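Since this is a predicted model, take the numbers as computed values, not measurements. Below, chains carry the letters A, B, ... as their sequence lines are ordered, and counting in each starts from 1.
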Amino acid sequence: MKDEVISRDDRVANLKGMGCSRKRVEDARFTQGKGNYVDDIKLDGMLFGDFVRSPYAHARIKGINAEEALKIPGVLAVLTAEDLAPLGLHWMPTLAGDKQMVLADGKVLFQGQEVAFVVAEDRYAAADGIELVEVDYEELPVIVDPFESLKSDVVLREDLDPNADGAHGPRKHPNHIFTWEAGDKEPTEEVIANADIVAEESMYYHRTHPCPLETCGSVALMDKVNGKLTLWGTFQAPHAIRTIVSLISGIEEHNIRVISPDIGGGFGNKVGAYPGYVCSVVASIVTGRPVKWIEDRMDNLMTTAFARDYWMKGKISATKEGKITGLQCHVTADHGGFDACADPTKFPAGFMNICTGSYDIPTAYLEVDGVYTNKAPGGVSYRCSFRVTEAVYFIERMIEVLAIKLNMDSAELRRINFIKKEQFPYKAALGWEYDSGDYHTAWDKALKTVDYDGLRAEQAQRVEDFKAGKTRKLMGIGLSFFTEIVGAGPVKNCDILGLGMFDSCEIRIHPTGSAIARLGTISQGQGHATTFAQILASEIGLPADSITIEEGDTDTAPYGLGTYGSRSTPVAGAATAMAGRKIRAKAQMIAAYLLEVHDNDVEFDVDRFVVKGAPERFKTMKEIAFAAYNQAIPGLEPGLEAVSYYDPPNMTYPFGAYVCVMDIDVDTGVPEIRRFYALDDCGTRINPMIIEGQVHGGLTEALAVALGQEIAYDDMGNCKTGTLMDFFLPTAWEVPNYETDFTVTPSPHHPIGAKGVGESPHVGGVPCFSNAVQDAFRPFGNTHTNMPHDHWRIWKTANGLGLHD
Amino acid sequence: MIPAAFEYYRPQDMAGVLAILGEHGDDARVMAGGHSLIPMMKLRMADVPHLIDLQDVGGMSDIVVGADEIRIGAMVTQADIIDNTELRSAAPILREAALQIADPQVRYMGTVGGNVASGDPGNDMPGLMQCLNTRFTLIGADGEREVDAREFYEAAYMTTREDDEVLTAVIIPTPAGGYAYEKQKRKIGDYATAAAAVQIIKDGDTCTSAAIAMTNLSDTPIYSEAAGAALVGTSVDDAALAAATAAMLNDIDPSEDNRGPIAFKKHVAAVILRRAITRAWSRA
């Protein structure tokens, strides 16, 4: 047989399975402009809807007059809260257990809030209509500071009973949302009170925004003949959106089809539900025509979900030798006008309780207070698992602050406090059970590769040269070691609006040995069609190139909770492997029948089943697939299909060690990144090329956040960063060359040992860039300055330390 | 980001342009590359009921390098400036500045005329033209006239150009000596946090002439005559640099924005000018 001359290595290579840097199958269409995004959808008779938005951050609405707007040719309708109220759709539930106005119901709570929805023949008429809708506002006192909010007599959310509990327990003030605790308060306070050394720091993790290149949008088509609603949109969780739409609209779920087409980046921005989605649906119901809504860039930056905005206060205690004994953290979380965080329901502060980081800290306590202010709602996880960037930034800054207090090198302080390899699975003080890790090996490899001691010597020389007037540039060495917590998650403790956070895969093998697999996730650029086919190729022995991966259509894909929090590989990837194993189990029976041996006498080998001890006797998976459809096999149903719903037993805990070397011009505040080294351990590596791309992308977004990207408001609640002129998106010019590296510590509970990687570089990158800036000023007395480290804030640090005198 | 409705005109000659301007007055605006005007229209910050596209008018796309003067047509793009080899040797500061404007895509569209005429204080060319003592040629119903770049700018988006005039060319006395265009910005595509244009002549060890202009540090470009004067007759030593930057700081009037507070901008303006003078002097 021709097949026999192919070596086993070649057969493995032909599959393009796990471990292969297979080129992304998506890129052919993306690089040729053949993607199909929401705004590419054009339907016969399609209308366009857009919002009248509030110019004020806090105001009462005394009246809305649409008379002039309706005179514009092409403007068909102007919807207000009054129109939606009879349908019960003027408010909608948020993923965080709060509710949010779809259209302003008597007042507005943030600048840019949706006030009325203008429906027109095209987007141009809609824009002209928006200009002519007259809204009578009465300005109210604006609160942009969460601490002030908790003291203010001004009640932001008049719709809530001030004496009633919120979704997460008692509220302390009408503008307070929740208090959430983890760990043990008194023991932690006692440890810290009696410790040799205590370091304290307050830090603000500023508000920023995921800013995907494609903004949010939807197209709704209510077919009044068959009663079916089709909703295309920028949804990171299409099934969850279907269920929410059904619950709030009363349309039966089987009559709703939600489709996420190609999505141009999500980064958390497309997890939640937005007023635009609801309004496009209502407008389609009202007009009987398809209705499109697409944000422009200002809408996206100013109104759809922001990230971060955490005021963190920490205490960390240690022995004189530097062994950490306790950690305490209090967070004041600014959620804006509505609590529209996208977290698992039981975790209103996400997984902030991973803030003990990569360290063996015996006692810890975390308390988070959520607060309403006159800012846009949100609080999504921007390229990270739920609030993990905040947690890792907190602990990686506290480590640096403690190192200063101890007068110790922070690399060494990390080393002596890392959780040891033999301690895994490790139960952390704040509740999580870390699955696996080998931190010391990763750390040593990182420090050795960058010649850490050499860098420190160079830095010391630079400080001497600076003091001698020979240079005006300081050198900073940024370190970070992070542990992510991804793959939400076990249904026992992770749900969104009651939907367990499992995920799914359904596989059909075609008679000729190719296949289609559908998943409950949805790629937004991660390359799922490439990597999931690779998992299957290795599991079922058919070439990845013969496997189509399809996601995003709720009529065809099995139910899943979508893609965010690096959950696709840990959860849907596991479901894929498990479904593949079901296929393989049936294939084994078919092979045994064809080879006329007992089931147990054949074994799987790359792309075939062979008779044990007689490798020349085999059936390839291709042959088995055909047999599944053309042979009557006693005791077996025809066909070769499988479905798996995977409820992960635990989260996965990817980790990594990053080093950044930076030069800082003290006079202009301009930082220059000289070197960035990133070692990532994401367990089993499916596609090294895609991992490298993910690391580059995550680091670039980390650079952005650390060095300038922010959503800033003035005292009147005006958003000052509503365009890409002021909102920092780095270009190739600002981005350094990244050196990537890895170790492999498989997850012990994941079917293929993979942990997820897309968000790690962001989580680890932000503190690494920030630590580099702060480290440059450490020899001159700096302990902490807040991000973003843009030119003027770096300059201000230098100025404050007297370096311009 | 949808502009209000407007009439679009694409006349074939200047007479056609002037006729439309004459008819509609300040309701009409001419457009070259559109990179200043169109974003303003999309934000509905500029109301332009009649938009006149200059693409087909002709005669404004030449770069003529003469013995004493360089004439650059208003429709010459930043990319044209970067690519022109004659210009590169005659007035290298133009290329150095153009390379720091926006990004390649914008530079293929953005023109010299649009950049200097729109009056946006963030634009780089106005300060540069003031440094080079450029004259702007304007044409209107009553014929052509010339205005000194140093006299052209009144306030943000306000210039001495009349509503019915079109800026057709810039005339630059061929610069001599050393040059530098130094710009600090937050990222590619950004306007300057501070920028300085310096042209300087050296005779032996002495500076005999210096022209200095600053960008985005007031609501107009700032030609600082005093800063230049502070260098003349010196060897551009530390004292002269300090005197020049002090004089410049006296002339600028920056305001706070997302790039930073006033104190920062002043500090950076001084640093940038010092670097620009030092580099120009090294090339003189």
Task: chain B contact via A/Thr731 - side chain, backbone, both or neither, heavy atoms under 4.5 Å - done: side chain

Open item on the list: Please rank B/Lys265, B/Arg259, B/Arg44 by heavy-atom pairs under 4.5 Å with chain A and give me the top one.
Closed with: B/Arg44

- [ ] Find out whether B/Gln184 and A/His791 are in side-chain contact, i.e. whether some heavy atom of one side chain is under 4.5 Å from a heavy atom of the other.
- [x] yes

TODO: Supply the atom-to-atom distance A/Thr723 OG1 to B/Asn258 CG, rounded to the nearest 0.5 angstrom.
DONE: 8.5 Å

- [ ] Count the heavy atoms belonging to other residues, nucleotides or ligands that lie under 6.0 Å from OH of A/Tyr124, then report whether that count exceeds 12.
- [x] no

- [ ] Go through the steps to decide whether B/Leu43 and A/Met298 satisfy the test side chain to side chain contact (heavy atoms under 4.5 Å, CB included), and finish with yes or no.
- [x] CA-CA 10 Å; B/Leu43 290 166; A/Met298 290 179 80; 3.5 Å; yes

Open item on the list: Atom CD of residue position B/Gln105 - does it have more than 12 heavy atoms of other residues, nucleotides or ligands inside 6.0 Å?
Closed with: no

- [ ] Under 4.5 Å heavy-atom distance to chain A, tell me which part of B/Lys185 shows up: side chain, backbone, both or neither.
- [x] backbone

Task: Which portion of B/Ala263 sits near chain A, non-hydrogen atoms under 4.5 angstrom - done: both

TODO: Inspect the surroundings of CZ in A/Arg674 and state if more than 12 heavy atoms from other residues, nucleotides or ligands are less than 6.0 Å away.
DONE: yes

TODO: Please look at A/Met725 and chain B and tell me whether the side chain, the backbone, both or neither of the residue comes under 4.5 angstrom of a heavy atom of that chain.
DONE: both

TODO: Would you mind reporting whether B/Ile2 and A/Arg123 have side-chain heavy atoms less than 4.5 Å apart?
DONE: yes

TODO: Describe, in one word, how the ring planes of A/Trp795 and B/His267 are oriented to each other, choosing from parallel (under 30°), tilted (30 to 60°) and perpendicular (over 60°).
DONE: perpendicular

Open item on the list: Heavy-atom cut-off 4.5 Å, strictly under: side chain, backbone, both or neither for A/Asp726 against chain B?
Closed with: both

Open item on the list: To the closest 0.5 Å, what do you measure between CG (A/Asp667) and CZ (B/Arg274)?
Closed with: 9.5 Å

Task: Heavy-atom proximity to chain B below 4.5 Å, by part of A/Glu131 - done: side chain

Open item on the list: What part of A/Leu729 gets within 4.5 angstrom of chain B, counting heavy atoms only: side chain, backbone, both, or neither?
Closed with: backbone

Open item on the list: Is it true that, when you exclude B/Tyr108 itself, more than 12 heavy atoms of the residues, nucleotides or ligands shown sit nearer than 6.0 Å to its OH?
Closed with: no

Open item on the list: Tell me whether B/Arg29 at atom CZ has more than 12 heavy atoms from other residues, nucleotides or ligands lying less than 6.0 Å away.
Closed with: no

Open item on the list: Let's test your reading of the structure: which of B/Pro261, B/Ala4, B/Pro3, B/Ala194 forms the most heavy-atom pairs below 4.5 Å with chain A?
Closed with: B/Pro261

Open item on the list: As a quick check of understanding, evaluate side chain to side chain contact (heavy atoms under 4.5 Å, CB included) for A/Phe728 and B/Lys187, giving each step before the final call.
Closed with: CA-CA 8 Å; A/Phe728 176 43; B/Lys187 60 174 176 179; 3.7 Å; yes

Task: CH2 on A/Trp792 to CD on B/Glu256, rounded to 0.5 Å - done: 7.0 Å

Task: Salt bridge flag under 4.0 Å for residues A/Asp665 and B/Arg275 - done: yes

